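These notes concern the structure reproduced below.
In what follows, chains carry the letters A, B, and so on, assigned in the order in which the sequence lines appear, proteins first and then strands, with residues in each chain numbered from 1. The structure displayed is predicted, hence computed values, not measured ones.
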Protein chains: 2
Amino acid sequence: MPTSGLMPRVTLREVADHAGVHPATVSRALNPETQAMVNSETLARVLASARELKYQTNTIARSLRTQRSLTVGVLIPDIMNPLFPSIVRGIEDTLDKADYTSLIAYTDGRADRVTARLDRLRQRGVDGLIVATAQLRDPTLEALLEEGVAVVQVNRRSTSRLIPSVTADAAGGMLAAIRHLAELGHERIAYAGAPLRVSTGRARIDAFRRGMRAVGLELASERIEQTESVSVGEGARVGRELLERDPQLTAIVTANDLIALGCYDAVREAGRDCPADVSVIGFNDMPFTDRFDPPLTSVHFDQYEMGATAAAMLLRRLAGEESGAPRVELETTLVVRASTAPPPRA
Amino acid sequence: MPTSGLMPRVTLREVADHAGVHPATVSRALNPETQAMVNSETLARVLASARELKYQTNTIARSLRTQRSLTVGVLIPDIMNPLFPSIVRGIEDTLDKADYTSLIAYTDGRADRVTARLDRLRQRGVDGLIVATAQLRDPTLEALLEEGVAVVQVNRRSTSRLIPSVTADAAGGMLAAIRHLAELGHERIAYAGAPLRVSTGRARIDAFRRGMRAVGLELASERIEQTESVSVGEGARVGRELLERDPQLTAIVTANDLIALGCYDAVREAGRDCPADVSVIGFNDMPFTDRFDPPLTSVHFDQYEMGATAAAMLLRRLAGEESGAPRVELETTLVVRASTAPPPRA
DNA sequence: CTGAAAGCGCTTACAG
DNA sequence: CTGAAAGCGCTTACAG
């Protein structure tokens, strides 16, 4: 037996024949928007036939006719990055409720792949886009906007104020992190950041600087460094560098949990202990941080909600209910675990 | 400006006009399968026009006509379960190369949701299915088979030998785990398993029993227990029960890393230490197990490859190149970390 | 080798 | 309120 595809087997035509009406009438009866224009007896008959024959609309045919695919493209760096599964799940659950389906595309953090991915999504005729891959300056996104495509940014955002976004409040989380360290008695606090070409990297270092000033601590440039990419390996490299430049530092605040994990390695390699000698703080509070050795103190935000919010914003846009470009910032909180402790006594 | 959707803006018709040929000719020229039947000069002209106008095929229109969507449904319990991101990525990368796109649907481990998810996939006209949600007895899957739909099972499989599958070799991994413990000197080895209605649960307990016999160790029924669902909480519950029933046990082999994590909790609650008092072994080797406290000894297999293999099998099937029902078992290896050690001296 | 026609399964202006 | 027609953008037998 040849394979056949999983598809609706009964057409509108067949329901129409069964109910003794014209296909157009069936179409009207089945669509909530137009249902009102069909006589209630006819309606009942059509509905009965549809149910009896187990009619299901062929989305492809409908899409071709309506020029709407009920499909949304989702651009993310990589689903294997533990930040994204919850965001994606939040997006998909929300889209699902509105009968939309998402088409996921991965860029692996390479800006040059975005265009290729977008081309594929274009061929599929997505109605809108949720992008977690925004660069700070992102001409591709601006071109999309130009084209009139509905797009919402999630997690990161570009500088264009015309594109809606849902991001985590860096300022709040960072300030809480620094306050926490200050209260423990830390003064020589270092910062291991994410690349500055991306809004999260930019926002978090700015927040770190502002936070340090707010608490009245010294901002030494030798205690600030950025990774080239967000990974454990890069975190370790930067961690080593910071520890070498200032062996007296007692805490490292990072822009990401993976970077924090790398700092764990750097601290250990230096023959020092976290948290006894050096405290480390992460950002994102990814799954299982509480299981790490030591359990990681990290800035938390609700990733599922981030995805859900972005999807809801896009849906509103697609429904024509929203034309502004809201910039939602999700609340961040510091989750204190065991990677932070008072500095060693001098 | 109203939103417009990201879709191809130039049609076959426009390319035809530009090249001075009939749309059918453009279609033939652009499709590798039929390209041979067009004159090389015409071909060149059409290709030039297509490139110049940046033509992209409208997949929706093509799908309606060909009755193939170039789309595959992927049924998984939950992308937030750390086992799945790599599998999904393996699937999507492989499908992508063949110009297929995947539509992901979540069941949250609830069999009753499968039908609803399948209905939605049906409306979208998926060409085939990759399911990570197989029950041991799975009438839904058999019905799909009956219908002639191409389906491949991944990670789990049903008892039907008619459906292809890609799973992890439980026997090999389990034997390696038990040998490792036996070599360390363990004798009272307990087992914390996964639900038996699912093939992974079934296969792993069978493998555990066979492994224990192979090594000549006693299989005490009070040292064997299954979770109701695969989660840290259930792992803790079963772990507690095992420790209570046999306080002398010195090792717990589990069917899953999350269960193993729960056993960590149970061991700790009992005032004992892993690995000094009780060794614990996981299964799946999910991401970041090496960062746990203690780093988890676990049975490893290549999850990305599992997904990639399943997708490749489905593609072959869809291409009509394969009509059997291969059951691929991926190699498993034991990754020894710090959650296993010799048993305490009596 | 190329064109003209039909049709995939819908929806929606347009008549009546 | 319902029907008949057109058409979304393709592909593919069928002629020539």
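Pair assignment for dA4(C) gives none, since no Watson-Crick or G-U wobble pairing has each distance under 3.5 Å.
Distances were taken from every side-chain heavy atom of Thr11(A) (C-beta onward) to each of dG3(D), dG9(C), dT11(C); the shortest belongs to dG9(C). Nearest nucleotide to the side chain of Ala24(A), out of dC1(C), dT12(C), dT11(C): dT12(C). Ranking dC8(C), dG3(D), dC10(C) by closeness to the Leu64(B) side chain, first place goes to dC8(C).
The local environment of CD in Glu33(B) is sparse, with at most 12 non-hydrogen atoms from other residues, nucleotides or ligands closer than 6.0 Å.
If you take CD of Gln56(A) and P of dC10(C), they are 11 Å apart, rounded to a whole angstrom. With rounding to whole Å, Arg65(B) atom CZ is found 8 Å from dA6(C) atom C1'. Glu41(B) places its CD atom 12 Å from the P atom of dC1(C), with the value rounded to the nearest Å. Atom pair Leu30(A):CG and dG9(C):P shows a separation of 16 Å (rounding to whole Å applied). Atom pair Arg13(B):CZ and dG3(C):P shows a separation of 12 Å (rounding to whole Å applied). Rounded to an integer number of Å, the gap from Gln67(A) CD to dG9(D) C1' is 8 Å. One interatomic measurement links the two molecules: CG of Leu12(B) to P of dC8(C), which rounds to 19 Å at whole-angstrom precision. Here dC10(C) presents its C1' atom at 13 Å from CD of Glu14(A), a figure rounded to the nearest Å.
A salt bridge does not link Arg157(B) with Asp138(B): every distance from a Lys NZ or Arg NE/NH1/NH2 to an Asp or Glu carboxylate oxygen is 4.0 Å or more. With respect to Asp119(A) and Lys54(B), no salt bridge is recorded, no charged nitrogen being found less than 4.0 Å from a carboxylate O.
Not one side-chain nitrogen or oxygen of Tyr55(B) sits closer than 4.0 Å to the OP1 or OP2 atom of dG9(D). One finds a side-chain N or O of Thr42(A) lying less than 4.0 angstrom from the OP1 or OP2 phosphate oxygen of dT2(D). OP1 and OP2 of dT12(D) both lie 4.0 Å or more from every side-chain N or O belonging to Thr66(B).
For the residue pair Thr71(A) and Arg124(A), no side-chain donor N or O sits within less than 3.5 Å of a side-chain acceptor on the partner.
Heavy-atom distances to DNA chain D give each of His22(B) and Ala61(B) a nearest nucleotide, and the one nearer the 5′ end belongs to Ala61(B).
For Arg28(A) and dG3(D), a side-chain-to-base donor-acceptor distance below 3.5 Å is present, hydrogens and geometry of angles not being considered.
Nucleic acid contact for Thr34(B): none, since no nucleic acid atom lies under 4.0 Å from a heavy atom of the residue.
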- Item | Stepwise side chain to side chain donor-acceptor pair (under 3.5 Å) check, Tyr106(B) with Asp96(A) | CA-CA 10 Å; Tyr106(B) 308 113; Asp96(A) 200 73; over 6 Å; no
